[in-house]
Amino acid sequence: MSDEMSFADYESRLDRSIKVKAPDFSTGERLRHLIFSGQFTRPMLDKLCRLADKIRLLAKSNEGHRFLNTLLSHKRAMLYFTQPSTRTFMSFAAACQILGMTCNEVRDLSVSSEAKGESPFDSMRMFSSYFDLVIMRSHIPKFAECCGYMMNHLASTQQRSVPILNAGAGSDEHPTQALLDIYTIQRAFSFTDPKDSRQWTRYDELRESFPGLRKGIVGKTIGFCGDIRRGRTVRSLAQLLALHDQIRLVFVSPAHPTLALPRDLKDKLIDAKVDVRECHSLLDTFDGKPLIEQLDALYMTRIQREHNSAEEEAELKDLDYSQFKLTKSLVARMKPYAAILHPFPRDKEFGEIPPAIDEDPRAHYFRQARNGMWARAALVAHIFDVDGEINDYHEQYNSERQIAPQ
Ligand code: NCD
């Protein structure tokens with residue numbers, strides 16, 4: 001079976017809208033595979049974020065950690081990453097381990113039978129023979145989606161089938177990054193957690209200067225800066241933010257079609273009633289006020305130079321990028337509670353976020369990366385239907401601690 005033949009099998013399904021496809025990847029309210037961020041609903045996101053909080057808390061104690069470790073100790077995960085990855089790979093492996101799963105990996109196709117001509121579909125089917133979950137980042141566009149269809153087909157013919165989690169596919173989607181980004185933004189705007197909100201645990205005090213300030217994501221103005229078009233994290237996160245009311249999204253990129261907000265994403269967001277703005281500098285103004293002073297959160301990204309064609313390389317080389325880099329003086333003008341995010345890796349040569357900003361309490365990006373582990377553990381628990389057990393254990397754990405003598 002050649003790749004083309006297999007893709008042709010699924011081709012007619014690929015072009016459907018996400019709304020039409022989503023039921024193919026769920027069983028009722030439960031995700032079966034995670035391929036697109038459009039599969040998340042607001043209630044599902046909120047549930048996963050609360051579950052991540054509970055896992056985070058339980059994992060701190062020896063007893064809670066041991067409980068989590070028993071939940072999926074009979075399951076094995078395959079991490080099939082044929083594109084570079086540091087955080088997504090490691091946090092998924094750690095998430096599986098928190099729940100007691102054992103993990104194995106394929107990261108280098110030269111040591112896999114694909115080097116002998118095996119089709120990636122056959123590889124995938126083999127993984128489903130030996131493992132109970134496949135987490136994948138592929139260089140082949142739409143491959144994760146096709147694997148979801150293949151697993152559904154296997155299940156429908158009573159053959160072995162396992163869940164597929166998309167850990168970043170082409171320039172289209174990175175749904176688990178969007179999940180951890182939402183989790184990070186929710187925590188930043190809860191204004192209660194001492195680590196995530198630092199000095200802003202006194203929400204009432206903060207409201208004296210910002211009377212309209214509400215907890216949570218609703219009503220926030222969020223900027224995205226850098227490589228907007230090729231950033232799959234931007235695409236996935238923007239769609240999840242759009243599930244919240246009164247959201248304003250400001251996209252800041254050079255005015256070049258390779259980097260600027262693509263029409264299809266813009267239309268999707270406008271359809272979802274997002275107030276979409278486009279700027280071509282972090283120094284721009286809108287509604288008569290400097291952009292940087294209006295942002296509640298700023299999601300920085302690197303310019304993905306590795307995807308440049310020869311023509312793009314020549315055209316993009318001479319652009320002035322200075323206004324797409326954060327500086328200490330720009331950060332000083334941001335709201336005191338604003339959250340600075342970055343999916344990472346940051347580009348040390350380009351310098352979109354210089355390390356000098358890391359110590360600022362508004363820099364959330366290292367915490368964001370760690371949140372990936374809790375959010376992914378919550379997702380894996382949801383996929384295997386052990387979230388109910390975690391909720392019950394957490395409730396009991398809390399009540400025992402409340403009545404326990406000091
Ligand atoms: C990103 C990705 O791979 O899409 N990184 C990540 O998963 N955290 C962003 C990037 O490569 O710039």
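Numbers here are sequence positions counted from 1.
Aromatic ring centres of Phe210 and Tyr337: separated by under 6.0 Å.
Between Glu293 and Arg333 a salt bridge is recorded (basic side-chain N to carboxylate O distance below 4.0 Å).
Contact annotation: the side chain of His382 never approaches that of Leu34 to less than 4.5 Å [non-hydrogen atoms, C-beta and beyond]. The shortest distance between side-chain heavy atoms of Met150 and Ile164 does not fall below 4.5 Å.
Side-chain contact annotation: Gln323 with Ser281, donor-acceptor N/O pair under 3.5 Å present. Judged by distance alone, the side chains of Arg229 and His256 never bring a donor and an acceptor atom under 3.5 Å apart.
The aromatic rings of Phe189 and Phe191 sit tilted, their planes meeting at an angle between 30° and 60°. The aromatic rings of Tyr299 and Phe224 sit tilted, their planes meeting at an angle between 30° and 60°.
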Exercise for review: Check the pair Thr258, Glu312 against side-chain hydrogen bond (donor to acceptor under 3.5 Å, both in side chains), reporting the backbone distance first and the verdict last.
Suggested key: CA-CA 8 Å; Thr258 298; Glu312 284 168 336; 3.0 Å; yes
**Study point:** side-chain contact (heavy atoms from CB on, under 4.5 Å) between Glu145 and Glu173, worked out
**Key:** CA-CA 11 Å; Glu145 184 177 348; Glu173 278 277 2; over 6 Å; no
Practice item. Please step through salt bridge (Lys or Arg N to Asp or Glu O under 4.0 Å) for the pair Arg277 and Asp284, ending with a clear verdict. Key: CA-CA 11 Å; Arg277 312 288 178 106; Asp284 267 1; over 6 Å; no
Exercise for review: Please test Arg50 against Asn391 for side-chain hydrogen bond (donor to acceptor under 3.5 Å, both in side chains), starting from the C-alpha separation and ending with a verdict.
Suggested key: CA-CA 9 Å; Arg50 299 293 71 80; Asn391 288 332; over 6 Å; no
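Side-chain atoms of Asp296 come within 3.5 Å of backbone N or O of Thr221 as a donor-acceptor pair.
In this structure, Arg401 satisfies the cation-pi test against Tyr397, with its NZ or CZ atom closer than 6.0 Å to the six-membered ring centre and inside 45 degrees of the ring normal.
The ring pair (Phe, Tyr, Trp, His ring centres under 6.0 Å) search around Tyr80 returns Phe127, not counting sequence neighbours.
The stretch residues 259-269 participates, sequence neighbours left out, in these salt bridge (charged side-chain N to carboxylate O under 4.0 Å, His left out) pairs: Arg235-Asp264, Arg263-Asp267, Lys266-Glu278.
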